[in-house]
Protein chains: 2
Amino acid sequence: MKIIEEFLESKDIRVTAMRLLIYKFLAEKQVAVTLSDIENAFEKADRTTLYRTIKTFEEKDIVHQIGDGTGITKYALCEKGCNCEIETDLHLHFHCNNCNETICLTEHKIPQIKVPDGFVSENVNLVVKGICDKCSGQ
Amino acid sequence: MKIIEEFLESKDIRVTAMRLLIYKFLAEKQVAVTLSDIENAFEKADRTTLYRTIKTFEEKDIVHQIGDGTGITKYALCEKGCNCEIETDLHLHFHCNNCNETICLTEHKIPQIKVPDGFVSENVNLVVKGICDKCSGQ
DNA sequence: CAATAAATGCACTTCCATTGCATTGGTTAT
DNA sequence: ATAACCAATGCAATGGAAGTGCATTTATTG
C-alpha cells in the first residue's frame with residue numbers, strides 16, 4: 001500500500017483513499033474494466049468520482065483506454081512495456097467473445113502497418129477477438 | 001439502379017425506395033458513415049428506418065460495422081475483397097484525426113497476428129489513426 | 001487557525017443505440 | 001379483385017454511457 005502511495009506521488013497524483021482503492025482494484029484485475037465494473041465494485045462511491053479518477057489516471061499516463069468494439073470503453077493499468085503515452089506505441093488487446101473480457105497483451109508487439117501513399121500513421125489500435133485461454137480450456 | 005435492385009434481391013433483401021436510396025448513398029460515399037450522417041442526408045426519413053435498414057444490410061452481409069475509437073459506430077459497404085462475413089477476415093480501417101473520417105483499406109491486408117498459447121483468434125479489428133491523404137496534402 | 005485549492009458527491013444534460021407499438025404498403029392466395 | 005398477411009416504416013419512448021456545473025467536503029499551505 002505504501003508502495004502504491006509512493007508510486008502515485010511519483011506520477012504527480014495526489015493520494016486519497018478512493019484513489020488507492022481504485023488503483024488497487026485495477027491492479028488486482030487481470031483484465032480491462034469498464035466504468036460500470038468499477039461502479040459495481042465501489043457502490044458507496046459516486047460514479048462521477050470514479051469517472052474523474054480514471055480520467056486523472058489517464059492524464060498521468062498510468063491508465064490507458066481501450067475500445068474493444070463492444071461500444072463500451074474499457075480501462076487498464078499501464079504495465080511494464082506499455083508505453084501508451086508514446087503515440088507510436090502499438091496497443092494489442094485481446095477480446096474474448098465468450099466471457100466478454102478484454103486483456104492487455106503488452107508483450108505481444110505487432111509489425112509496423114503499411115498505409116497507402118499520402119496517409120500518415122500516428123497510432124494503431126489492434127484488437128484481436130476470439131476465445132481466451134480460460135474459456136478455451138474448459 | 002436496376003443493378004442495385006437485382007443485387008439486393010440476390011442478397012435476399014426486399015427492395016424498397018428507401019433501401020435503394022440508402023444503398024446508393026453508401027455506395028457514393030468513399031468513407032464509413034455514422035447513422036447521423038445518413039440521417040442528415042435523408043431528413044424526411046425517420047431515424048428508426050435508417051437504423052433498421054443498416055441493421056438489415058448488416059445481417060445480409062453487405063454492410064459492416066466499424067468501431068474507430070470515436071465512440072460512434074460507423075458503417076461501410078462491403079466491397080470486393082471485403083469478406084467480413086468470414087470470421088477470419090482482417091478488417092483494416094484508417095481513421096483521420098484531422099477530418100475525423102474513416103476509410104476502408106480493404107486492399108491492405110495485414111499479417112496473421114500471433115496470440116499466446118490457449119488463446120484462439122477468430123477475428124481481428126485493426127484501426128490505424130493518423131492523417132489521411134486529403135488532409136496531409138494540404 | 002484562516003485561506004485556499006483540490007477532491008468528492010449530487011443533479012442534470014446530452015448523445016447514441018435500441019425497442020414497442022401503431023400504421024402503411026406491398027404480396028399472396030382464394 | 002379483394003381479403004388476409006407479413007414486412008417496412010414512422011412515432012414515441014426507453015436505456016445506457018459519457019460528460020458537465022455547482023455545492024460541499026476534505027486536505028494543504030501560509
Side-chain angles (χ1 to χ4, degrees), chain A residues 4-6 8-26 32-60 62-76 95 100-102, chain B residues 4-6 8-26 32-60 62-76 95 100-102:
Chain A
I4 299 179
E5 285 187 36
E6 283 165 16
L8 290 182
E9 276 169 5
S10 78
K11 288 288 185 176
D12 202 29
I13 300 170
R14 292 170 66 147
V15 176
T16 68
M18 204 65 246
R19 288 177 175 178
L20 281 172
L21 286 173
I22 295 176
Y23 184 92
K24 200 158 156 286
F25 175 74
L26 290 172
V33 298
T34 65
L35 202 59
S36 297
D37 291 335
I38 306 176
E39 211 179 333
N40 293 333
F42 301 96
E43 294 192 344
K44 302 156 201 161
D46 189 79
R47 227 195 70 253
T48 313
T49 304
L50 306 174
Y51 174 73
R52 288 201 247 246
T53 300
I54 284 288
K55 287 295 166 192
T56 301
F57 284 0
E58 251 192 292
E59 281 167 22
K60 303 298 183 181
I62 69 170
V63 155
H64 68 264
Q65 199 173 331
I66 304 157
D68 61 8
T70 56
I72 303 159
T73 53
K74 296 186 178 176
Y75 305 91
H95 176 73
N100 204 35
E101 287 191 343
T102 299
Chain B
I4 298 179
E5 285 188 35
E6 283 165 15
L8 290 181
E9 277 168 4
S10 78
K11 288 287 183 175
D12 202 27
I13 300 170
R14 290 172 68 147
V15 176
T16 68
M18 204 65 246
R19 288 177 175 178
L20 282 172
L21 287 174
I22 295 177
Y23 185 92
K24 201 158 157 285
F25 175 74
L26 290 172
V33 298
T34 65
L35 201 60
S36 297
D37 290 336
I38 307 175
E39 212 180 335
N40 293 334
F42 300 97
E43 294 193 343
K44 301 155 202 160
D46 188 79
R47 186 187 165 77
T48 314
T49 304
L50 306 174
Y51 174 74
R52 286 202 249 245
T53 300
I54 284 288
K55 287 294 166 192
T56 302
F57 285 0
E58 250 193 293
E59 280 166 22
K60 303 298 183 182
I62 69 170
V63 155
H64 67 263
Q65 198 173 331
I66 305 158
D68 61 8
T70 56
I72 303 160
T73 53
K74 295 185 177 176
Y75 304 92
H95 175 74
N100 205 33
E101 285 190 343
T102 298

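Keep in mind it's a predicted model, so treat the numbers as computed, not measured. Computed over heavy atoms, backbone and side chain alike; hydrogens, waters and symmetry mates excluded. A note on names: the letters A, B, ... follow the listed sequences, proteins ahead of strands, and every chain is numbered from 1.
Of all heavy-atom pairs between B:Phe25 and B:Asp37, the closest is CZ-O, 4.1 Å.
Counting to the nearest Å, the C1' atom of D:dT9 and the CZ atom of B:Phe42 are 15 Å from each other. Distance, A:Asp37 CG to D:dG16 C1': 14 Å, rounded to whole Å. For the pair B:Ile72 CD1 and D:dG19 C1', the computed distance is 14 Å after rounding to whole Å. If you take CG of A:Leu50 and C1' of D:dA18, they are 14 Å apart, rounded to a whole angstrom. In this entry the distance linking CZ of A:Arg47 with C1' of D:dG15 reads 13 Å, nearest Å. Summarising the geometry, the separation between CZ on B:Arg19 and P on D:dA7 is reported as 11 Å, rounded to the nearest angstrom.
Of the inter-residue distances, the one linking A:Ile38 atom CD1 with A:Thr53 atom OG1 reads 8.5 Å to the nearest 0.5 angstrom. Rounded to the nearest 0.5 Å, atoms CZ (B:Phe42) and CD1 (B:Ile22) are 6.0 Å apart. Here B:Tyr75 contributes atom OH and B:Lys55 contributes atom NZ; the two are 4.0 Å apart, rounded to the nearest 0.5 Å. Taking CZ of A:Arg47 as the reference point, atom OG1 of A:Thr49 lies at 10.0 Å (rounded to 0.5 Å). To the nearest 0.5 Å, atoms CG (B:Asp68) and OG1 (B:Thr102) are separated by 3.5 Å. To the nearest 0.5 angstrom, B:Arg19 atom CZ is 8.0 Å from B:Arg14 atom CZ.
Using a 4.5 Å heavy-atom threshold, the side chains of A:Gln65 and A:Ile54 count as separate.
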**OP:** Report the C-alpha distance between A:Tyr23 and A:Glu5 in whole Å, list the side-chain angles of each, state the deciding distance to 0.1 Å, and finish with yes or no for side chain to side chain contact (heavy atoms under 4.5 Å, CB included).
**Re:** CA-CA 10 Å; A:Tyr23 184 92; A:Glu5 285 187 36; over 6 Å; no
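When heavy atoms are screened at a 4.0 angstrom cut-off, A:Lys55 is found touching the sugar-phosphate backbone but no base atom. Within the 4.0 angstrom heavy-atom criterion, only backbone atoms of the sugar-phosphate kind lie near A:Ser36; the bases stay farther away.
Running 5' to 3' along DNA chain C, contacts with non-hydrogen atoms of chain A at under 4.0 Å begin and end at C:dA6 to C:dA11.
Heavy-atom distances to DNA chain C give each of A:Ile13 and B:Thr73 a nearest nucleotide, and the one nearer the 5′ end belongs to A:Ile13. Each of B:Ala17 and A:Leu35 lies near DNA chain D, and the nucleotide nearest B:Ala17 is the one positioned closer to the 5' end.
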**OP:** List the protein contact pattern of nucleotides 21-30 of chain D with one symbol per nucleotide (5' to 3'): B for base contact, S for sugar-phosphate-only contact, - for none; contact means a heavy-atom distance under 4.0 Å.
**Re:** BB-----S--
